[in-house]
Amino acid sequence: FYKQFFQLAKRRWTDNLRNPLVFWVRAGMFVLLCAMIGSIYWNIGNGQNDIQDRISVLFFTAAFLVFMSIAVIPAFIEDRAVFVRERSNGYYNVSAHVLADAIVSIPAIFVISLVSSLLVVYMVDLSGSFGVFLAALFMSLY
């Protein structure tokens, strides 16, 4: 299992380095969307009347960013054919493949979550909640 896992993780890492367009397209979409959300809700207040606006920011950010994960689907479809062929030939376990993909994708998703959180939290002035917002966004994208 470990040998399969490390080999698959190495292959996934190499694929990510050879095809950076998947990351950059996804990162670009997320940055533009977060900049739009931040500009719409620019520096909303902290009063009782602004609670609905804050809830809207959280909802739109979570919903739009999760739905924008669709940019990964073409790469997933391409990788699926390779996975099915190699799995049917008995090259590796499904769990090793899934675990390797999950672990190798953490750095890219964290960078996207960090930049998106920085934009939204500071443009909208969501005071005192950067860490919580980052964790929630990372977990929803992961």
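All heavy atoms count here, side chains included; hydrogens, waters and symmetry mates do not.
The two residues A9 and A100 have their closest heavy-atom pair at N-CB, 3.6 Å. Shown here for V57 and T61, the closest heavy-atom pair between the two residues is O-OG1, 2.7 Å. The two residues F1 and S95 come nearest to each other via the heavy atoms CE1-OG, 3.4 Å. Pairing each heavy atom of L8 with each of A96, the nearest pair is CD1-C, 3.8 Å. Looking at every heavy atom in both residues, W13 comes nearest to P107 through CZ3-CG, 4.4 Å.
Under the 4.5 Å side-chain heavy-atom criterion for Ile, Leu, Val, Met, Phe, Trp and Tyr, V104 and V82 are members of distinct hydrophobic clusters. Residues V111 and L17 are members of separate hydrophobic clusters, defined by side-chain heavy-atom contacts under 4.5 angstrom among Ile, Leu, Val, Met, Phe, Trp and Tyr. V98 is not connected to F6 by any chain of hydrophobic side-chain contacts under 4.5 Å among Ile, Leu, Val, Met, Phe, Trp and Tyr, and they are in different clusters. Placement of V94 and Y91 within a single hydrophobic cluster is found when ILVMFWY residues are connected by side-chain heavy-atom separations under 4.5 Å, directly or transitively. Transitive grouping of hydrophobic side chains (ILVMFWY, heavy atoms separated by less than 4.5 Å) keeps V25 and L32 in distinct clusters.
Within the 4.5 Å cutoff, no side-chain heavy atoms of V124 are placed close to those of W42. A 4.5 Å side-chain heavy-atom check between I103 and F5 finds at least one atom pair inside the cut-off. Contact annotation: the side chain of F23 approaches that of I112 to within less than 4.5 Å [non-hydrogen atoms, C-beta and beyond]. Residues R54 and L58 fail the side-chain proximity criterion, which asks for heavy atoms closer than 4.5 Å.
Using cut-offs of 30° and 60° for the angle between ring planes, the Y92 and H97 rings count as perpendicular.
If you take CZ on F83 and CZ on F76, they are separated by 9.0 Å, rounding to the nearest 0.5 Å. A distance of 9.0 Å separates CG in D15 from CG in D101, rounded to the nearest 0.5 Å. A distance of 12.0 Å separates CG of L118 from CE of M123, quoted to the nearest 0.5 Å. The line from CG of L119 to CG of L33 is 10.5 Å long, rounded to the nearest 0.5 Å. The CG atom of L99 sits 11.0 Å away from the CG atom of N93 when rounded to the nearest 0.5 Å.
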task = Evaluate the criterion side-chain contact (heavy atoms from CB on, under 4.5 Å) for residue pair R12 and D79; output intermediate values, then yes/no.
result = CA-CA 10 Å; R12 174 60 60 202; D79 291 340; 2.8 Å; yes
request  = Under the side-chain contact (heavy atoms from CB on, under 4.5 Å) rule, what do I109 and S113 come out as? Steps first, then yes or no, please.
outcome  = CA-CA 6 Å; I109 292 174; S113 300; 4.1 Å; yes
